There are 2 protein chains.
Amino acid sequence: MGDKTTRDCIVEAADKLFYQQGYERTSFASIASVVQISRGNFYYHFKSKDEILDAVIETRLCTTRRMLQQWEVEGKHPVDRIHRFIQILIDNRLKIKQYGCPVGTLCSELAKLDHGSQSQASQLFTLFRTWLRKQFVQLGHKSNADILAMHLLARSQGVAALANALYSEKFIKNEVKYMRDWLNNYV
Amino acid sequence: MGDKTTRDCIVEAADKLFYQQGYERTSFASIASVVQISRGNFYYHFKSKDEILDAVIETRLCTTRRMLQQWEVEGKHPVDRIHRFIQILIDNRLKIKQYGCPVGTLCSELAKLDHGSQSQASQLFTLFRTWLRKQFVQLGHKSNADILAMHLLARSQGVAALANALYSEKFIKNEVKYMRDWLNNYV
DNA sequence: GACGGTTTAGGACAATTGTCCTAGAATCTG
DNA sequence: CAGATTCTAGGACAATTGTCCTAAACCGTC
């Protein structure tokens, strides 16, 4: 476990399991067996299961913010940065075809559970939305930058959803090529 | 309940609840309270909960097949028929923003549960895929008809997923307009 | 009205769930 | 070393889950 605190280990394991099995499906027992702590020990670190979910979302928000910031540094041109966004579909294609998009599937599950952390989870989308919009604005699309950002976000969501349902890697590659062409023709 | 059999009532209620709350979340008790039968009575009609799921999927497959057949009759031109497909996003926009796409969310949940009926559920997608492909073939796109079918399917999935996550009706309308333009420019 | 198959109600079952409690171990502080 | 604080283990708790069982109600047929 290294030098990470028990709390961090719980959040890390929960993050992974929530993605792979879903939030509700993941029990305290299954997290405990991964982290190797007793079931009763959770309640020293978290008051409830919902609180673990909040911590997981918070972690994901931080990670995503950092990632987007990093992309901002690496990509010289806005087009390069948007291409970097599209690239995550390729990079994560194995996990996507198996578990779908971590953001999309979590939001979908929480919506069905009518869970209170729903709006927090959707902030993950907002992060990408705002970031993409910024890039499109820099490309001169002031009036419809948000439309374009949402469009690209939806496209990637659709790719993830279908690739997961049909368990197809090839489809991801097809669509990514399509998206790249779209982007290059648009700017 | 009319003259429908108890079995039909169970499947109907389960269908609705599976969509609104998810498969795992929906308990026998909650179905029972809708159909107004005792919990123990289920096992006369179904051997297990999985069997109810199978029946629900089977029903959805039948309904979808009928609907696609109907569209085939109503739409004179293949383009009209594809537009009819896009139109479901508008027709079901209220439910979509609240619960997502019934096909997409079910497949996503079953994938996470690693459920045996996963492939059955994804047949729902295949139904649309085959139907759309057929329309594109009739439009003369022989070599990439399947690519186009999958593309449109993914677009609609993405719209549903995002509209659900951000609870936005307006976004659906935006994207539908976009999809219609795409279709008209393509053919 | 008596019979036999179909359908139903309601409770029992073990397992699992999230939650809570308490006693003890570990760690830090003086 | 003594004491206080932080952390942990493990069991108890009620509630809920899917499943199963049995007896009674229903219903058409003789």
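Heavy-atom basis, side chains included; hydrogens, waters and symmetry copies ignored. Being a predicted model, the structure only gives us computed values, none of them experimental.
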Counting side-chain heavy atoms from C-beta on, which of C:dA12, C:dG10, C:dT19 comes nearest to B:R39?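 Side chain of B:R39 sits closest to C:dA12.
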Nucleotide of C:dT19, C:dA9, C:dT8 approaching A:Y43 most closely (side-chain heavy atoms):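 Closest of the options to the side chain of A:Y43: C:dT19.
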Would you sketch DNA chain C in dot-bracket for me? Only Watson-Crick or G-U wobble pairs with both distances under 3.5 Å count, crossing pairs as [ ], other-strand pairs as |, the rest as dots. ||||||||||||||||||||||||||||.|
Distance in angstrom units between [X] [atom1] and [N] [atom2], rounded:
| X | N | atom1 | atom2 | result |
| --- | --- | --- | --- | --- |
| A:N41 | C:dA25 | CG | C1' | 12 Å |
| B:I37 | D:dC26 | CD1 | P | 16 Å |
| A:Q36 | D:dC7 | CD | P | 20 Å |
| A:F46 | C:dC20 | CZ | C1' | 17 Å |
| A:K49 | D:dA15 | NZ | P | 19 Å |
| A:F42 | D:dC7 | CZ | P | 16 Å |

With a 4.0 Å limit, can you tell me whether [X] has a side-chain N or O closer than that to the phosphate oxygens OP1/OP2 of [N]?
| X | N | answer |
| --- | --- | --- |
| A:T6 | D:dT8 | yes |
| B:Y44 | C:dT8 | no |
| B:H45 | C:dT8 | yes |

Cation over ring, A:K49 on A:Y23, under 6.0 Å and within 45°?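 Yes, A:K49 and A:Y23 form such a contact.
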Which atom pair, heavy atoms only, marks the closest approach of A:I172 to A:L89?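 That would be CG2-O, 3.7 Å.
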Restricting to side-chain contact (heavy atoms from CB on, under 4.5 Å), what partner residues turn up for A:Q135, sequence neighbours left out? A:E72, A:P78, A:R81, A:I82, A:W131, A:Q138
Ring pair (Phe, Tyr, Trp, His ring centres under 6.0 Å) with [X]: which residues, sequence neighbours excluded?
| X | value |
| --- | --- |
| A:H83 | none |
| B:H141 | B:Y186 |
| B:F42 | B:F28 |

With the threshold set at under 4.0 Å for non-hydrogen atoms, list the residues of residues 17-31 of chain A touching DNA chain D in residue-number order.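 When residues 17-31 of chain A is checked for heavy atoms under 4.0 Å from DNA chain D, there are no hits whatsoever.
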Assess the side chains of B:D8 and B:T5: does a donor N or O sit below 3.5 Å from an acceptor N or O? yes
Give a yes-or-no answer on whether the side chains of A:R180 and A:Q87 include a donor-acceptor pair shorter than 3.5 Å. yes
Apply side chain to side chain contact (heavy atoms under 4.5 Å, CB included) to A:R155 and A:Y178, showing your working. CA-CA 10 Å; A:R155 290 267 288 259; A:Y178 206 153; 4.0 Å; yes
